[in-house]
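These notes are about the structure you will find just below.
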Amino acid sequence: MEKATKISPFRLSSLLRLEKNARLALKLFRNPRATAPATPPKPFRYSARSYDLIICKLGRARMFAEMEEVLHQMSLETRFTTKEALFCHVISFYGRARMPGPALHAFDRIPSFRCRRTIRSFNSLLHAMLNCGELERVQSLWRDLDEREFVPDACTYNVLIHAATSSGSLGEAWDLFDEMRRKGIRPSVATFGTLVSALCANSKLDEAFTLKKEMLKLHGVKPNVYIYTSLIKGLCNTNKLDLALKLKEKILLEKDIKLDSAMYSTLIRALFRDGRKGEVVRILEEMKEKGIKPDTVTYNAMIAGFCEDEKDFDAAFEVLNEMARNGRKPDVVSYNTIIAGFCKERRWRHASELLEDMPRRECRPDVVSYRTLFEGMCDAGAFEEAGLLLDEMVFKGYAPGAVSVRKFVEGLGGEGAGDRAGPALCSLAKVKAAGVEVWEKAVGDSVNESELLEVVKFMDRLRMD
DNA sequence: CTAGGGTTAG
C-alpha cells in the first residue's frame, strides 16, 4: 500500500513540471505524499529542482506570499545551495509585477541563502527597477555600483541604454554605447536592438537603417528578427507600409532569419490603420503556410483594428471567439482594447458591461481598464456613473489619469452636483490623483464643511510629498 | 526566464 502512494522527490519534480495551475502545484508541493497524512513523517526530501519549479510557478502566477513562504522553507535546507539563477527569476517576477521594494529585498537576501551574488543578479535588479519605471533608482544603483564586487557586462549596459532611451535621452544612450566599447565590452545584438528600436520610435529611420548596416560591417553582429521588426514598425509609423511589406519579403529570402508572430502582428496592425483590412487575410494565410501561429498579441492587433479603425465590434468579439477556438486566452489588453473602442464611440455602457464581465471571463481588469472607462464616462458627460466607478477603482487602489480627473472635476462643477462632488473628491484625494491646483479650483462651494476639512487635510499631504 | 522586437491606455 505504501509503495502505491509514495512519491519520490524526483517524481514530485515531474509532477510539478506538468501541473499548469500554480495553486494545484503548490498543493502538490506541500503534500507530496498523496495519502495518509496519518503516517508520520520523516520530512520529505525536496530536491533543488522542485524548489525551482514551484517558486517559478508561483512567481509567474504572482502568488508572492506563497512564493516567499517556499523561499523561506528553502533557506532552511542544508542539503544543497541555491543557484543564483533562481534569485534572478524571483527579482524579475517582482519587476514584472512592478514591485520594486520586494525586488530589492530579494537581491539583498541572496547571501543569506549562502549564494554568491554576481553581476547577473545585479543586472536582474537593474532591469526590475527599469520595469517598475524607477529610473532614478536605476541611476543610483549604477552610480553606487562597486566594480570590484560586480564587473559590469554587456547586459548591464543594455539595461542602462534601455533606461536612457525610455527616459527619452538618446544622447545618453549613445554615451553609454561609447563607454562600453571604451571598456572593451562588445555590444551584443540586444544592444543594437535597443538602439534601433529607439531610433525608430523617434522616427529616425535613416539612422536606424544605417545602424543596422554598421552593426554587421563595423561590429560583426548580425541583425536578427528583433532588429527587423523594429525597422518594420518604424516604416509603418511613418506611412511607409509598402516599404515595410517589401522589407518583410526581403527577410523571407534570408536563410537564417525566421520570421515570427511579432513581425506579423506589427504588419496586421498597420494594414488596419491604413484601411487595408482586406490584405490581412492574406497575411494570416501566409503565417499558416509558414507554420507561425498567431499568438495573443496577433489577435489583439486584429481586435484593435476592428475597434479603432473599422468600428466593427461584432468582428472584435468574433476574434475573441476565434481565440477561444484556438486555445489562446484573451488577456487584459484584448479587453481593454474593446473597452477603449466602445468609449471612443461614446458607448460607455457597452464598455462598462464588458468590464463587469471580465472576471467571469477569467481576466482581472487592470488600471488601464478602469482609467479607460472612467475617461469614457467623463467624455460622455456621465459623471454620476463616473463617480461610482471612481469609488470602485479607488477601493482597488487604482488612480485615474490626470487628464480625466480634470474632466471629472470640471464636470462635477456643472449643474448642482453638490452632494456627489464631496465624496468623489475625497476618493480622489485618497489616491492622490489630483495635483494641488486641481483642488484649489475644485474646492468651491460644492463641498460641505466636514468634507472640506477632509480634502484640505489631503491637500496638506499632497504638498508635503 | 540577467539584456533586445510586436498588441491597449496615458
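The structure presented is a predicted model; accordingly, all values stated were derived computationally and were not measured. Order of the sequence lines fixes the chain letters, A, B, ..., with proteins taken first and strands second; residue numbering starts at 1 for each chain. Both backbone and side-chain heavy atoms feed into the values below; hydrogens, waters and symmetry mates do not.
- Annotation: proximity of residues 267-279 of chain A to DNA chain B (heavy atom, distance under 4.0 Å) is found for A/Arg269, A/Arg273, numbered in ascending order.
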Which donor-acceptor pairs under 3.5 Å do the side chains of residues 124-140 of chain A make with protein atoms, sequence neighbours left out?
unit_1: A/Ser124; atom_1: OG; unit_2: A/Arg120; atom_2: O; d: 3.1
unit_1: A/Ser140; atom_1: OG; unit_2: A/Arg137; atom_2: O; d: 3.1

Begin with the C-alpha distance, continue with both residues' side-chain angles, and end with the deciding distance and a verdict on side-chain hydrogen bond (donor to acceptor under 3.5 Å, both in side chains) for A/Asn158 and A/Thr191. CA-CA 5 Å; A/Asn158 290 344; A/Thr191 318; 2.6 Å; yes
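- Listed nucleotides B/dA9, B/dA3, B/dG6 differ in distance to A/Ala340; the shortest reach to its side chain belongs to B/dA9.
- Within a heavy-atom distance below 4.0 Å of DNA chain B, the residues of residues 157-166 of chain A found are A/Asn158, A/Val159, A/His162.
- Residues satisfying the salt bridge (charged side-chain N to carboxylate O under 4.0 Å, His left out) test with A/Arg186, not counting sequence neighbours, are none.
- Residues of residues 347-371 of chain A that place a heavy atom closer than 4.0 Å to DNA chain B, in numerical order, are A/Val368.
- Between B/dC1 and B/dG5, the distance separating the two P atoms is 12 Å to the nearest Å.
- Pairs engaging residues 154-179 of chain A under the salt bridge (charged side-chain N to carboxylate O under 4.0 Å, His left out) rule: A/Asp178-A/Arg181, A/Glu179-A/Lys183 [sequence neighbours left out].
- Partners of A/Asp256 according to the salt bridge (charged side-chain N to carboxylate O under 4.0 Å, His left out) rule, which considers only residues two or more places apart in sequence or in another chain, are A/Lys222.
- Using a 4.0 Å cut-off, some side-chain N or O of A/Lys233 falls inside it from OP1 or OP2 of B/dG6.
- In this structure, A/Arg96 reaches the B/dC1 phosphate: one of its side-chain N or O atoms is under 4.0 Å from OP1 or OP2.
- Residue A/Ala304 places its side chain closer to B/dT7 than to any other of B/dT7, B/dG6, B/dT2.
- Among residues at least two apart or in separate chains, there is no salt bridge (charged side-chain N to carboxylate O under 4.0 Å, His left out) pair with a member in residues 390-400 of chain A.
- Listed candidates were B/dA9, B/dT2, B/dG5. Nearest to the side chain of A/Cys155 is B/dT2.
- Counting distance only, with no hydrogens placed and no angle test, the side-chain atoms of A/Ser261 and the base atoms of B/dG6 include a donor-acceptor pair under 3.5 Å.
- Evaluation of the side chain to side chain donor-acceptor pair (under 3.5 Å) test over residues 64-74 of chain A, restricted to residues two or more places apart or in two chains, returns A/Arg30-A/Glu69, A/Tyr51-A/Gln73, A/Glu68-A/Tyr94, A/Glu68-A/Arg109.
- Every residue meeting the ring-ring contact (aromatic ring centres under 6.0 Å, His included) condition with A/Phe342, not counting sequence neighbours, appears here in chain and number order: A/Phe313, A/His350.
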So what is the 5' to 3' dot-bracket string for DNA chain B, if pairs are Watson-Crick or G-U wobble with both distances under 3.5 Å, crossing pairs use [ ] and | means the partner sits on another strand? ..........
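- Sorted by first and then second residue, the ring pair (Phe, Tyr, Trp, His ring centres under 6.0 Å) pairs involving residues 166-187 of chain A (not counting sequence neighbours) are A/Trp174-A/Phe177, A/Phe177-A/Phe192, A/Phe177-A/His219.
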